[in-house]
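Everything quoted here is computed from the prediction, not taken from an experiment.
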Amino acid sequence: MESIVTDIRYALRSLARTPIFAVVAILTLAIGIGANGAIFSVINGVILKPLGYRDPGQLVLVTSQFPSMGFDKFWVSGPEYVELRERAHSFDEVGAFVQRDLSLAGREQPMRVRGAFVSATLLDLLGVGAQLGRTIGAAEDLPNTEPVALLSHELWQRSFGADPALIGSKIEVQGEPRTVIGVMPPGFDVDDNGIELWLPLGLDPADPGGRARHYLYLVARLADNTSIDQARAELGLLLEGWDKASGGGHVPRPNDHPLQIEPLQDQLIGDTRTALYTLCGAVGFVLLIACAN
């Protein structure tokens with residue numbers, strides 16, 4: 001202990017003899033350490049920290065492709081969504097959503113908010129319950145049922161004063177009264193789209209619409225003990241027989257209209273992972289230079 005105190009005193013006296021060098025050295029080290037801390041915080045928040053869903057590593061995004069038209073990630077049609085749910089055994093469940101800008105009559109003035117029409121299965125498979133009230137039920141996710149709405153925590157606070165009495169009352173969305181059934185937890189979103197208002201998709205499995213109408217994004221949860229490679233292998237087999245199983249027409253096919261799956265987190269991060277790791281290496285190298293100097 002005595003030797004450590006002696007070393008510290010010696011170091012302080014040495015720095016005092018060369019104050020300019022001491023200031024430059026301290027600032028250089030501070031900048032290097034600060035930059036590394038900042039970059040690690042970003043990497044932790046964007047890459048290392050899991051998504052705020054139940055078992056997020058089991059979630060995948062399902063999109064379609066049209067290679068001949070240059071569409072690498074395209075929407076899925078209603079019939080394709082219904083058939084995928086029925087035929088794919090690699091998934092515990094498949095949910096669908098479509099984004100829309102919606103008009104909302106707030107308590108003070110009308111506004112435009114980012115909304116989404118979602119299947120009840122989507123909210124179930126994400127495994128995130130409502131902070132207040134409840135989420136959309138299967139019975140409400142059908143045509144010709146009572147219109148309901150689910151609010152984000154942020155919209156509830158900003159436009160309705162975080163009033164718990166809002167649950168069960170009606171708000172006007174796109175000129176139509178809807179009963180508010182719940183408020184989602186802070187920060188809840190899907191695919192990082194800033195959704196603030198959640199409405200039932202209302203897709204009828206018996207009449208899911210035209211095959212040429214592609215408008216849905218799909219999120220699926222892998223079944224227990226099923227890897228994404230196994231799910232991709234099964235999807236390849238389904239594509240081989242989709243034409244025959246659906247009676248032909250505009251259906252998914254291996255070459256001209258395949259379906260694809262990727263981890264949901266990879267979809268959210270995109271090319272950011274490589275850029276962040278490169279930046280982390282660069283600032284780490286700067287810190288090494290600072291220490292060496």
Side-chain angles (χ1 to χ4, degrees), residues 51-56 58-63 75-100 102 104 113-153 155-156 166-171 173-174 176-209 213-224 261 264 267:
L51 302 177
Y53 310 128
R54 173 173 56 86
D55 297 330
Q58 294 296 101
L59 297 176
V60 296
L61 183 74
V62 184
T63 54
W75 298 284
V76 176
S77 71
E80 292 166 359
Y81 161 55
V82 172
E83 290 163 354
L84 184 67
R85 285 191 67 206
E86 293 173 348
R87 299 170 188 174
H89 301 293
S90 297
F91 303 134
D92 265 346
E93 187 55 275
V94 183
F97 70 97
V98 56
Q99 308 160 41
R100 292 285 186 272
L102 304 169
L104 170 66
V113 299
R114 192 65 170 161
F117 291 86
V118 301
S119 66
T121 56
L122 177 70
L123 299 177
D124 287 342
L125 70 87
L126 292 177
V128 180
Q131 177 191 11
L132 191 67
R134 60 179 179 83
T135 59
I136 298 168
E140 294 158 335
D141 188 24
L142 291 171
N144 305 316
T145 58
E146 180 188 359
V148 297
L150 192 60
L151 275 61
S152 73
H153 177 86
L155 179 62
W156 176 57
L166 184 67
I167 305 300
S169 63
K170 293 187 182 294
I171 60 174
V173 181
Q174 297 287 95
E176 176 187 38
R178 287 180 174 268
T179 301
V180 178
I181 59 172
V183 175
M184 295 304 289
F188 176 76
D189 201 357
V190 175
D191 203 21
D192 201 23
N193 288 302
I195 304 300
E196 294 192 301
L197 188 62
W198 311 83
L199 310 177
L201 182 61
L203 188 145
D204 186 355
D207 184 19
R213 189 185 175 212
H214 293 78
Y215 68 106
L216 297 173
Y217 280 121
L218 307 185
V219 176
R221 176 172 291 280
L222 296 174
D224 291 340
I261 58 177
L264 182 61
Q267 159 65 20

message: Before you tell me yes or no, could you show the steps for Leu123 and Val128 under side-chain contact (heavy atoms from CB on, under 4.5 Å), namely the whole-Å CA-CA distance, both residues' side-chain angles and the distance that decides it to 0.1 Å?
response: CA-CA 7 Å; Leu123 299 177; Val128 180; over 6 Å; no
side-chain contact (heavy atoms from CB on, under 4.5 Å) partners of Pro147, counting only residues at least two apart: Glu176, Arg178
So [Y] and [X], do their side chains get closer than 4.5 Å, heavy atoms only?
{"X": "Leu201", "Y": "Leu122", "answer": "no"}
{"X": "Trp75", "Y": "Val98", "answer": "no"}
{"X": "Asp55", "Y": "Arg221", "answer": "yes"}
{"X": "Pro208", "Y": "Glu83", "answer": "no"}
{"X": "Leu104", "Y": "Glu196", "answer": "no"}
{"X": "Asp141", "Y": "Thr121", "answer": "no"}
{"X": "Ile195", "Y": "Val118", "answer": "no"}
{"X": "Leu218", "Y": "Leu61", "answer": "no"}

Check [X] against [Y] and note the closest heavy-atom contact, atom names and distance.
{"X": "His153", "Y": "Val183", "result": "CA-CG1, 3.7 Å"}
{"X": "Leu142", "Y": "Pro205", "result": "CD2-CD, 4.2 Å"}
{"X": "Ala120", "Y": "Ile136", "result": "CB-O, 3.6 Å"}

- request: Report the C-alpha separation of Val76 and Leu84 in whole Å, then their side-chain angles, then the decisive distance to 0.1 Å, and conclude whether the side-chain contact (heavy atoms from CB on, under 4.5 Å) test is met.
  value: CA-CA 10 Å; Val76 176; Leu84 184 67; over 6 Å; no
Distance check, rounded to the nearest 0.5 Å: [X] atom [atom1] versus [Y] atom [atom2]?
{"X": "Ser152", "Y": "Arg114", "atom1": "OG", "atom2": "CZ", "result": "13.5 Å"}
{"X": "Asp224", "Y": "Gln58", "atom1": "CG", "atom2": "CD", "result": "7.0 Å"}
{"X": "Glu140", "Y": "Ile181", "atom1": "CD", "atom2": "CD1", "result": "4.5 Å"}
{"X": "Leu197", "Y": "Phe117", "atom1": "CG", "atom2": "CZ", "result": "8.5 Å"}
{"X": "Leu203", "Y": "Tyr81", "atom1": "CG", "atom2": "OH", "result": "7.0 Å"}

Listed once per pair and sorted, the ring-ring contact (aromatic ring centres under 6.0 Å, His included) pairs that draw on residues 176-195, sequence neighbours left out: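 Pairs touching residues 176-195 that pass the test: Phe188-Trp198.
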- prompt: Thr179: what forms a side chain to side chain donor-acceptor pair (under 3.5 Å) with it, not counting sequence neighbours?
  reply: Glu146, Lys170
query: How would you list, by chain and number, every residue that makes a side chain to side chain donor-acceptor pair (under 3.5 Å) with Thr135, sequence neighbours excluded?
result: none
message: Let's go through Val60 and Leu222 carefully: what are the C-alpha distance in whole Å and the side-chain angles of both, what is the deciding distance for side-chain contact (heavy atoms from CB on, under 4.5 Å) to 0.1 Å, and is it a yes or a no?
response: CA-CA 7 Å; Val60 296; Leu222 296 174; 4.3 Å; yes
His214: partners by ring pair (Phe, Tyr, Trp, His ring centres under 6.0 Å), with sequence neighbours left out: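 Ring pair (Phe, Tyr, Trp, His ring centres under 6.0 Å) list for His214, sorted by chain: Phe66, Phe74, His250, His257.
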query: For Phe97, which residues count as a ring pair (Phe, Tyr, Trp, His ring centres under 6.0 Å) partner, sequence neighbours excluded?
result: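 With sequence neighbours excluded, Phe97 shows a ring pair (Phe, Tyr, Trp, His ring centres under 6.0 Å) to Tyr217, given in chain and number order.
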task: Output yes when a side-chain donor or acceptor of Ser119 lies under 3.5 Å from a complementary backbone atom of Ala96, and no otherwise.
output: yes
query: Is there a donor-acceptor pair under 3.5 Å between the side chain of Asp207 and the backbone N or O of Asp204?
result: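 No: the side chain of Asp207 does not pair with the backbone of Asp204.
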message: Apply side-chain contact (heavy atoms from CB on, under 4.5 Å) to residues Ile261 and Phe91 and explain how you reach the verdict.
response: CA-CA 11 Å; Ile261 58 177; Phe91 303 134; 4.1 Å; yes
